Each structure stands twice: as C-alpha cells, then as structure tokens.
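Notes follow once the structure below has been shown.
Note that the structure is predicted; figures quoted are calculated from it, not measured.
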Amino acid sequence: MKIATWNVNSLKVRLPQVTGWLEAWQPDVLCLQETKLEDAHFPAGQLLEAGYHSIFHGQPAYNGVAILSREPAVAVQTGWSVEGDAQARLCSATFGDIRVLNVYVPNGQSLDSEKYAYKLRWLERLHTHVEEELARWPALVLLGDFNIAPDGRDVYDPEAWGEDVLCSPAERQALQGIQSLGLHDVFRQQYPDTRAWSWWDYRAGRFRRDQGLRIDLILACSTLLPRVCNVSIDRETRAAERPSDHAPVCLLLEDGS
DNA sequence: ATGGTAGCACGGCTA
C-alpha cells in the first residue's frame with residue numbers, strides 16, 4: 001500500500017504534474033492540499049481517466065483538500081464530523097484496513113495574527129477529532145500539510161527561524177499532543193538525523209539554495225509501524241517545471257495480512 | 001535587502 005501527500009498549490013494549474021506523478025509513482029492513495037477549487041470544478045473525470053477515483057472538499061480560491069485513490073473510498077467524510085467548517089481543510093476515507101485523514105493545517109501567518117489563534121484552535125479541534133477517529137479505526141494514518149516544523153532538525157536555519165510561526169512552541173506542543181495519541185512521524189522514525197525539507201518558499205531563491213522546512217508529514221499509528229517499508233520526499237518534483245512550492249511525501253506500507 | 005514569487009482573480013490577499 002503506497003500512500004502519499006502533496007500540497008499542489010492549485011490543482012487547476014498543477015493537474016498535468018499530478019497525473020504525471022500518479023503515472024510515475026503509482027500510489028494507491030494520494031492526498032492533496034491547496035486544490036483551490038470549488039467542488040463543481042474538480043477534475044474528477046480527467047483523474048478517473050488517469051485511473052483514480054476522487055473525493056474532494058473545496059472552496060473558491062483558497063484551501064481545498066482531496067484524496068485520489070485506485071480503489072473507491074469507503075466511509076468518506078469531508079470536514080469535521082459534527083459542526084460545519086468555513087474553511088475546507090480536512091477530508092477522510094478508508095481504504096482496505098487503513099483510515100486516512102488528510103489535513104491542511106492553517107498557516108497562521110504570524111504570531112500576532114488572528115490567523116495564528118485560529119491555527120491553534122484548529123489544532124485543538126483536530127486533536128479531539130483524531131481521538132474520535134482512533135476509537136473507531138485502529139489503523140490510522142494522519143497526513144498532509146501541517147504548517148509546523150516538528151523541531152530544529154526540520155528547519156534549514158533553526159537559529160534564524162527561532163520561534164516564529166511554523167516553529168513556535170505552542171504549535172509544536174499541539175502537534176506533540178496529537179502524536180501522544182499514538183501517532184508517529186514515519187519520516188523521522190526512519191531517518192532520525194536527516195535534515196530534509198518538504199517545502200521551499202518560492203521567494204528569495206530558497207529552493208536553489210536548498211533552504212526549506214519539513215512541514216508535510218505522515219503520521220502513522222503504532223500498529224502500522226511494523227509495516228513501514230520506506231518513506232521518501234520527492235525533491236525532484238519540486239525541481240521540475242512550474243512546480244508547487246511543496247514536494248510530495250510518500251509512504252510504502254506492507255500489505256496487511 | 002522586512003524583500004523575494006506564485007496563485008487567485010484583476011486589487012489585494014494568502015502563503
């Protein structure tokens with residue numbers, strides 16, 4: 001079972017790159033963030049021609065999440081379970097024995113912004129939601145664009161970034177709190193000392209100088225860890241023509257028995 | 001260098 005996540009920064013612009021990536025990597029499941037598309041404009045037909053079913057939860061211009069899959073999803077859920085959400089940042093589905101939660105965590109903009117307070121509230125809400133989902137689905141993978149670098153190993157210049165947004169203690173603690181429910185950062189588990197990034201700002205030649213952050217994460221519950229074969233960050237796709245500012249991250253799991 | 005670039009939508013916001 002191959003499960004991947006990719007913040008595409010507009011699926012309308014990136015559709016050729018996405019279908020190319022599906023062809024090259026052949027994932028069973030690909031979670032997308034920042035599709036920036038209303039549901040009425042989602043290219044489900046073109047993706048089906050490429051061999052993938054879609055579930056999607058979008059809005060005009062901002063946010064938007066989707067899950068593409070070889071097999072049709074079951075137990076699909078968009079947004080939170082009970083209340084509505086104004087911003088399309090979460091969708092979930094089950095494939096085989098695996099529950100997949102795809103998130104686009106708010107960026108937060110800056111520590112003094114109302115958007116940062118919203119980010120912290122959103123993470124609290126996610127904590128509760130993950131707790132509920134784990135009770136129902138023991139084999140769970142939580143993945144997506146977390147807009148949080150877990151620690152200094154995940155930042156090209158931790159001194160310069162300090163405790164700014166994406167690296168602040170409060171959001172890192174919120175992430176740790178969610179992980180304390182029994183979820184493990186599979187990339188970090190596999191590569192304890194590797195400094196690797198999943199996002200490079202378009203500005204200031206950040207990619208050219210390899211100055212990035214690792215904010216796109218795949219968290220797997222303990223029961224799945226023995227099945228982890230490989231985790232990779234596809235830096236080549238960030239280097240390609242007209243790229244998203246994020247690289248895809250891919251997890252390969254052994255099939256369940 | 002408190003900028004820079006990209007996307008949405010056509011001015012200014014978001015990242």
dT14(B) phosphate, OP1 or OP2: any side-chain N/O from K115(A) under 4.0 angstrom? yes

Mind calculating the distance between CD (E34(A)) and C1' (dC8(B)) to the nearest angstrom? 11 Å

Can you tell me if R14(A) touches the phosphate of dG7(B), counting only side-chain N or O atoms and a distance under 4.0 Å to OP1 or OP2? yes

Atom CZ of R209(A) and atom C1' of dG4(B): how far apart are they, to the nearest Å? 9 Å

Could you tell me the separation between the CG atom of N9(A) and the C1' atom of dT14(B), rounded to a whole number of Å? 10 Å

Measure the distance from CG on L166(A) to P on dT14(B) and round it to the nearest whole Å. 16 Å

Can you tell me how far C1' of dA6(B) sits from OH of Y202(A), to the nearest Å? 5 Å

Is it true that D185(A) and R214(A) have a side-chain N and a carboxylate O under 4.0 angstrom from each other? yes

Taking the six-membered ring for Trp and the single ring otherwise, decide whether the centroids of W6(A) and H246(A) are under 6.0 Å apart. no

Would you mind telling me which of dC13(B), dA6(B), dA15(B) lies closest to the side-chain atoms of N107(A)? dA15(B)

Please determine, for the side chain of V13(A), which listed nucleotide (dC8(B), dA15(B), dC13(B)) has the closest atom? dC8(B)

Whole angstrom value for the distance that separates P of dA6(B) from OH of Y62(A): 18 Å

Taking the P atom of each, how far is dG3(B) from dC13(B), in whole Å? 15 Å

Using the C1' atom in both, what is the distance from dA15(B) to dG4(B), to the nearest Å? 13 Å

Using the ring of each side chain (for Trp, its six-membered ring), is W21(A) parallel, tilted or perpendicular to W25(A), with breaks at 30° and 60°? parallel

Just to be sure I understand the rule, does Y104(A) reach a base, reach only the sugar-phosphate, or reach nothing, if contact means heavy atoms closer than 4.0 Å? sugar-phosphate

Work out which heavy atom in E241(A) is nearest to a heavy atom in Q17(A); give both atom names and the distance. O-NE2, 3.5 Å

For R242(A) and dG7(B), is the shortest distance between a side-chain N/O and OP1 or OP2 below 4.0 Å? yes

Separation of R89(A) atom CZ from dA15(B) atom C1', in whole Å? 10 Å

Same-atom distance (P) from dT14(B) to dA9(B), integer angstrom: 14 Å

In this structure, how many angstroms lie between the P atom of dT2(B) and the CG atom of D112(A), rounded? 18 Å

Does this structure show an ion pair linking R227(A) with D97(A), if we count only N-O contacts that are shorter than 4.0 Å? yes

Residue whose nearest DNA chain B nucleotide is more 5′ - A61(A) or G205(A): G205(A)

Are R188(A) and D154(A) within salt-bridge range, i.e. N to O under 4.0 Å? yes

Distance check: side-chain N/O of S10(A) vs OP1/OP2 of dC8(B), anything under 4.0 Å? yes

Closest nucleotide among dC13(B), dC8(B), dA15(B) to the K36(A) side chain: dC8(B)

Comparing P243(A) and D145(A) on DNA chain B - which has the more 5′ nearest nucleotide: P243(A)

P atom, dC10(B) versus dT5(B): distance in rounded Å? 23 Å

Out of dG4(B), dA15(B), dG12(B), which nucleotide sits closest to the side chain of R206(A)? dG4(B)

